[in-house]
A.B. asks: 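Have a look at this one before I ask anything.
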Amino acid sequence: GEPSQCELLCGNGTLDATFDTDGNAIAITPLLGPGPNATARYPQLTMEGGRLYLAWTTLQASGQLPHWAIHWMMSEDGGATWTTAPGGAPLALPVVSDETGPAPRITLDDEFSLDTWLSSFIARKGKLHFAYLAQTTPHRQHYLRVNPAVGKELDTTPSWRAGDSEIARLDGFFATGEAQPRLFMGSTTTDGRILVIASTDEGKSWLEHGISNALPAGMYAYAVSGSRALGPKGAVLGHFTGVEGTQYSLWFFRVKSATR
């Protein structure tokens with residue numbers, strides 16, 4: 001049916017504002033609070049069926065880099081209450097947003113000082129798919145699949161490869177569709193070309209789905225992002241900022257769905 005409400009996160013996830021389809025506020029709820037070690041930043045929402053999921057990056061309580069960790073939680077009643085697992089007891093709001101609070105953490109114990117950053121996450125077939133980079137030397141790239149009921153099921157670290165290509169980025173985006181057999185990830189190659197990879201086995205393996213020519217000389221792609229929902233005919237739709245010295249330009253890309 002038609003959606004009956006929308007969710008809007010404000011103040012780096014500290015407030016959850018719920019509106020009806022006429023734009024009237026239904027509720028404004030304190031959602032995430034600071035912890036002794038870190039505070040919430042850059043929240044992301046994804047939804048599948050009647051389940052709403054929230055994930056966020058944290059920043060040290062001092063407000064200084066590095067970013068600290070990544071957490072998630074879920075709601076089965078449109079954001080009225082939040083839990084750490086399906087059917088779980090409601091959490092007291094606001095939820096302490098760092099590792100001293102109850103929300104599950106996906107980052108590893110040795111990654112608190114490595115400036116981790118949630119690139120993207122998406123819900124698909126009852127599982128959560130996460131992408132993040134831990135800035136070790138060399139970098140440690142994670143693709144994770146999480147079962148909300150039991151926890152992590154799959155982690156590609158230290159690298160995430162698709163054919164001859166490798167993803168190692170702070171940005172990027174997942175995309176899929178309800179009837180789509182593939183899960184897509186849009187990002188860039190390590191040599192700077194736009195890359196879309198795809199999995200037909202829910203993240204166990206990945207193949208190159210589309211790859212661009214080299215960008216114009218002297219340009220690199222910054223803040224690669226896009227639509228989680230596929231476009232017409234199953235196309236992956238994305239955008240990025242092209243940076244050339246002090247000049248910036250906005251670019252759009254579309255990668256067609258595979259026909260075979």
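These numbers were taken from a predicted model, which means no experiment stands behind them. Position 1 is the first residue of the sequence; numbering continues from there.
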A.B. asks: State, yes or no, whether a side-chain contact exists between Val255 and Ile211 at a heavy-atom distance under 4.5 Å.
C.D. replies: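 Heavy-atom side-chain distance check fails, nothing below 4.5 Å.
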A.B. asks: Using the rule side chain to side chain donor-acceptor pair (under 3.5 Å), only one of Gln141, Glu111, Arg169 pairs with Tyr132; which is it?
C.D. replies: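 Of the listed residues Gln141, Glu111, Arg169, the side chain to side chain donor-acceptor pair (under 3.5 Å) partner of Tyr132 is Glu111.
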A.B. asks: Report the residues that fulfil side-chain hydrogen bond (donor to acceptor under 3.5 Å, both in side chains) with Glu153, sequence neighbours left out, ordered by chain and then residue number.
C.D. replies: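 Applying side-chain hydrogen bond (donor to acceptor under 3.5 Å, both in side chains) to Glu153 gives Lys127, Arg145, Asn147.
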A.B. asks: Does the side chain of Leu31 come within less than 4.5 Å of Met73's, by heavy atoms?
C.D. replies: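 Yes - at least one pair of side-chain heavy atoms lies under 4.5 Å apart.
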A.B. asks: May I ask you to decide if Arg182's main-chain N or O and Thr200's side chain share a donor-acceptor pair within less than 3.5 Å?
C.D. replies: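 Pair absent, no side-chain N/O of Thr200 close to backbone of Arg182.
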A.B. asks: In terms of heavy-atom contacts, does CG of Asp191 have more than 12 from other residues, nucleotides or ligands at under 6.0 Å?
C.D. replies: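 Yes.
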A.B. asks: If you define the side chain from C-beta out and look only at heavy atoms, does anything of Thr176 sit under 4.5 Å from Phe174?
C.D. replies: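 No. Closest side-chain heavy atoms not under 4.5 Å.
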A.B. asks: Could you see if Leu133 belongs to whatever hydrophobic cluster contains Ile106? Use Ile, Leu, Val, Met, Phe, Trp, Tyr and a side-chain cutoff under 4.5 Å.
C.D. replies: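 Unlinked, Leu133 and Ile106 end up in two clusters.
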A.B. asks: Kindly list each side-chain donor-acceptor pair under 3.5 angstrom involving residues 230-241, sequence neighbours excluded, with atom names and distances?
C.D. replies:
none

A.B. asks: What ring pair (Phe, Tyr, Trp, His ring centres under 6.0 Å) pairs are there with at least one residue in residues 97-120, not counting sequence neighbours?
C.D. replies: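 Qualifying pairs, neighbours excluded: Tyr42-Trp117, His67-Trp117, Trp68-Phe112.
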A.B. asks: So do the side chains of Arg140 and Leu108 get within less than 4.5 Å of each other, counting heavy atoms only?
C.D. replies: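 SC-SC contact between Arg140 and Leu108 confirmed.
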A.B. asks: Which atoms form the tightest heavy-atom contact between Leu154 and Gly203, and what is the distance?
C.D. replies: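 Closest heavy-atom pair between Leu154 and Gly203: CD2-O, 3.2 Å.
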